[in-house]
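Here is the structure we will look at.
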Amino acid sequence: MMGGQNCHAEITFEDNVKWLARFRLFRTSSPPQEVRNYILQSEAMTMVYLQQNTCIPTPKLFDWASESDPENPLGVSYILMEKLEGRSLDWQAATLLQKEKVMQQLVNIYLEIERYPFELIGSLVSAGDIISLGGLADQSMFRVGKGPLGPFSSSFGGYKARLDSHLTMIATGEIDSFSPADTYIMHRLRQDLLGALFQEVSPGEQFFLKHPDDKGDHILVDDRFDIVGIIDWEWTQTVSKAEAFCSPCMMWPVAEFYDGSNELTSDELRLAEIFCERGREDLAIYVTEGRKVQRFLFALGTESSSLDMQSFPLIFVGLQRAFNHEDEKWEVWKSRALQKWKDDRKLLGLSALE
């Protein structure tokens with residue numbers, strides 16, 4: 001089975017026990033080996049942590065090794081794991097009754113995640129025989145010769161460091177070489193919005209594991225739509241509570257979202273209702289008010305390269321609306337932004353190149 005980032009080979013033993021061998025694909029666009037090794041380690045440690053500490057259904061991990069491990073005879077990174085019997089959830093094709101059943105189980109998983117808070121933002125890594133928090137696993141969160149950024153003790157500090165890193169990489173051409181000045185000022189706008197999203201000082205703030213790609217196919221279900229497993233934990237990090245408990249992107253109204261709308265779908269509203277029915281109005285708020293953090297994070301860093309110039313102004317409008325700013329034409333705001341940040345040397349360099 002070949003995916004966008006991994007190849008999976010099914011192994012069937014003589015007693016009909018089945019495992020999966022997961023190999024990371026390597027391309028010219030792949031991050032450096034140091035980053036690839038770190039992400040693999042983080043994925044393995046996340047699976048181990050979930051197995052040892054929670055009742056969240058995840059594949060059992062049997063073995064793993066990075067490509068640079070001298071004791072790895074294959075010469076490529078791999079993970080050997082249990083093969084769970086189930087199929088990937090197709091949220092859009094599911095009926096209302098099937099969605100209801102999955103959402104009830106998702107709330108159980110969210111409540112289980114809430115039982116295991118962390119004091120830092122970062123990725124799970126191995127420190128000897130201990131699973132601990134390291135820096136951020138995102139490939140753009142690595143500094144040359146210095147390893148990953150973080151971990152961080154506040155949402156404000158963690159997201160600020162991410163934005164600073166992204167701005168540097170945009171300026172050096174590592175992110176979005178097609179329209180870097182536009183991407184740069186959008187990230188500068190997020191710097192201005194950071195204070196409205198997270199308080200600079202938040203004593204006792206807690207952080208929670210979040211699956212990084214919750215578009216639905218990470219959930220395996222059986223024919224009765226019981227969840228048999230959550231898979232693909234690479235890039236997983238601990239994040240703010242607002243990010244951890246907002247609605248999964250599989251529930252978003254994709255076309256309307258890209259057009260700048262921040263209206264919630266009936267699925268998202270139902271998810272919030274289920275939290276309320278469980279007596280967790282405090283978590284329901286993160287769903288009903290989730291567009292703010294979702295808009296802030298959407299097309300951030302390397303993901304900005306996937307936007308075309310037709311989508312850019314509409315995504316900008318959606319970000320404005322999420323933070324209750326008045327609608328403003330992209331070109332009008334861009335002209336003001338270029339004047340506002342006219343002394344930003346990185347932006348000057350990008351504007352000159354364009």
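In this structure, His211 NE2 and Gln237 CD are separated by 12.5 Å, a value rounded to the nearest 0.5 Å. Distance check: Leu111 CG to Leu106 CG gives 11.0 Å after rounding to the nearest 0.5 Å. Taking NZ from Lys241 and CD1 from Ile285, the interatomic distance works out to 10.5 Å, rounded to the nearest 0.5 Å. Between Trp333 atom CH2 and His325 atom NE2 the span is 11.0 Å, to the nearest 0.5 Å. Note that CZ of Arg188 is 14.5 Å distant from OG1 of Thr183, once rounded to the nearest 0.5 Å. To the nearest 0.5 angstrom, Ser304 atom OG is 5.5 Å from Ile170 atom CD1.
Within the 4.5 Å cutoff, the side chain of Leu149 has heavy atoms near those of the Ser165 side chain. Counting heavy atoms from C-beta on, the side chains of Leu209 and Leu50 come closer than 4.5 Å. Side-chain contact between Ser123 and Tyr38 is present, with heavy atoms from C-beta onward closer than 4.5 Å. By the 4.5 Å heavy-atom criterion applied to side chains, Ile231 and Leu220 are counted as neighbours. No side-chain heavy atom of Leu84 sits less than 4.5 Å from a side-chain heavy atom of Leu20. Side-chain atoms of Ile219 and Trp91, non-hydrogen and from C-beta on, never get closer than 4.5 Å to each other. Between Ile185 and Lys340 there is no side-chain heavy-atom pair separated by less than 4.5 Å. The closest side-chain heavy-atom distance from Lys99 to Met251 is not below 4.5 Å.
Between the side chains of Arg24 and Asn37, not a single donor N or O lies within less than 3.5 Å of an accepting N or O. Under 3.5 Å, the side chains of Thr265 and Glu268 contain a donor-acceptor pair of N or O atoms. Counted by atom type alone, Thr236 and Glu43 present zero donor-acceptor pairs between their side chains at under 3.5 Å. Between the side chains of Ser155 and Glu205, at least one donor N or O lies within less than 3.5 Å of an accepting N or O. Counted by atom type alone, Thr168 and Lys346 present one or more donor-acceptor pairs between their side chains at under 3.5 Å. Between Ser261 and Glu256, the side chains place no donor N or O within less than 3.5 Å of an acceptor N or O (distance only, hydrogens not considered). No donor-acceptor contact under 3.5 angstrom links the side chains of Gln98 and Arg224, judged on distance only.
Applying the 6.0 Å contact sphere to NZ of Lys101 captures more than 12 heavy atoms from other residues, nucleotides or ligands. Taking a 6.0 Å sphere around CZ of Phe178, one finds it holds 12 or fewer heavy atoms contributed by other residues, nucleotides or ligands. The environment of CD in Glu10 is crowded: more than 12 heavy-atom neighbours from other residues, nucleotides or ligands sit within 6.0 Å. The local environment of NZ in Lys18 is crowded, with over 12 non-hydrogen atoms from other residues, nucleotides or ligands closer than 6.0 Å. Residue Glu119 places its CD atom among 12 or fewer non-hydrogen atoms of other residues, nucleotides or ligands, all under 6.0 Å distant. Crowding of Asp327 atom CG: a count of heavy atoms from other residues, nucleotides or ligands under 6.0 Å exceeding 12.
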**Message:** With side chain to side chain contact (heavy atoms under 4.5 Å, CB included) as the criterion, how do Thr54 and Ile113 come out once you've worked through the C-alpha distance, each side chain's angles and the decisive distance to 0.1 Å?
**Reply:** CA-CA 8 Å; Thr54 77; Ile113 286 174; over 6 Å; no
**Request:** Quick one: do Glu85 and Asp222 satisfy side chain to side chain contact (heavy atoms under 4.5 Å, CB included)? Show the steps, please.
**Result:** CA-CA 7 Å; Glu85 295 300 328; Asp222 60 18; over 6 Å; no
**Verdict with reasoning, Glu112 to Ile56, per side chain to side chain contact (heavy atoms under 4.5 Å, CB included)** = CA-CA 7 Å; Glu112 181 71 1; Ile56 297 171; 3.7 Å; yes
**Test side chain to side chain contact (heavy atoms under 4.5 Å, CB included) applied to Asp282 and Phe275, step by step** = CA-CA 8 Å; Asp282 57 325; Phe275 275 120; over 6 Å; no
**Request:** Evaluate the side chain to side chain donor-acceptor pair (under 3.5 Å) criterion for residues Gln51 and Thr58: first the C-alpha distance (whole Å), next the side-chain angles of each, then the deciding distance (0.1 Å), finally the verdict.
**Result:** CA-CA 7 Å; Gln51 283 281 332; Thr58 53; 3.0 Å; yes
**salt bridge (charged side-chain N to carboxylate O under 4.0 Å, His left out) between Arg270 and Glu277, intermediate numbers included** = CA-CA 10 Å; Arg270 177 57 190 148; Glu277 290 167 3; 2.8 Å; yes
**Request:** Determine, step by step, whether Lys215 and Asp213 satisfy the salt bridge (charged side-chain N to carboxylate O under 4.0 Å, His left out) criterion, reporting the C-alpha distance in whole Å, the side-chain angles of both residues, the deciding distance to 0.1 Å, and the verdict.
**Result:** CA-CA 6 Å; Lys215 59 181 184 294; Asp213 191 18; 2.5 Å; yes
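Looking only at distances, a side-chain donor or acceptor of Gln294 sits under 3.5 Å from a matching main-chain atom of Ser247. Using modelled atom types, no side-chain atom of Ser351 and backbone atom of Leu348 make a donor-acceptor pair closer than 3.5 Å. A donor-acceptor pair under 3.5 Å links the side-chain atoms of Gln92 to the main chain of Met250, judged by distance alone. Although no hydrogens or angles enter the test, the distance criterion places a donor-acceptor pair under 3.5 Å between the side chain of Thr46 and the main chain of Ser42. Side-chain N or O atoms of Trp235 include none that pairs as donor or acceptor with a backbone N or O of Asp232 at under 3.5 Å. Side chain of Ser30 to backbone of Arg27: a donor-acceptor contact under 3.5 angstrom is found. Side-chain atoms of Thr238 come within 3.5 Å of backbone atoms of Leu120 as a donor-acceptor pair (strictly under, hydrogens ignored).
Taking each heavy atom of Leu271 and Pro248 in turn, the nearest pair found is CD2-CD, 4.0 Å.
Cation-pi geometry between Arg295 and Phe257 is satisfied (NZ or CZ under 6.0 Å from the ring centre, within 45° of the ring normal). Stacking of Arg291 on the aromatic ring of Trp252 is recorded, both the 6.0 Å distance cut-off and the 45° axial limit being met.
Contact check on Asp217 versus Arg87 returns no salt bridge, with no Lys/Arg side-chain nitrogen under 4.0 Å from an Asp/Glu carboxylate oxygen. Under a 4.0 Å N-O distance rule, the pair Arg22/Glu234 qualifies as a salt bridge. Note on Asp192 versus Arg190: no salt bridge recorded, every NZ/NE/NH1/NH2 to OD/OE distance being 4.0 Å or above. A salt bridge is absent between Asp164 and Arg162; no separation between the charged side-chain nitrogens and carboxylate oxygens falls under 4.0 Å.
Both Met103 and Phe225 belong to a common hydrophobic cluster when Ile, Leu, Val, Met, Phe, Trp and Tyr are linked at side-chain heavy-atom distances under 4.5 angstrom. Linking Ile, Leu, Val, Met, Phe, Trp and Tyr residues whenever their side-chain heavy atoms come within less than 4.5 Å leaves Val35 and Phe23 in two separate clusters. Hydrophobic clustering (side-chain heavy atoms under 4.5 Å, transitive across Ile, Leu, Val, Met, Phe, Trp, Tyr) keeps Leu264 apart from Val102.
Between Tyr184 and Trp341, the ring center distance fails the sub-6.0 Å criterion.
In this structure, Tyr49 and Tyr116 have perpendicular ring planes: the angle between them is above 60°, well past the 30° mark. The aromatic rings of Phe245 and Tyr286 sit tilted relative to each other, their planes meeting at an angle between 30° and 60°.
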Side-chain donor-acceptor distances from residues 73-83 under 3.5 Å, at least two apart:
residue : atom : partner : partner atom : Å
Ser77   : OG   : Glu67   : N            : 2.9
Tyr78   : OH   : Asp63   : OD2          : 2.8
Glu82   : OE1  : Lys60   : N            : 2.9

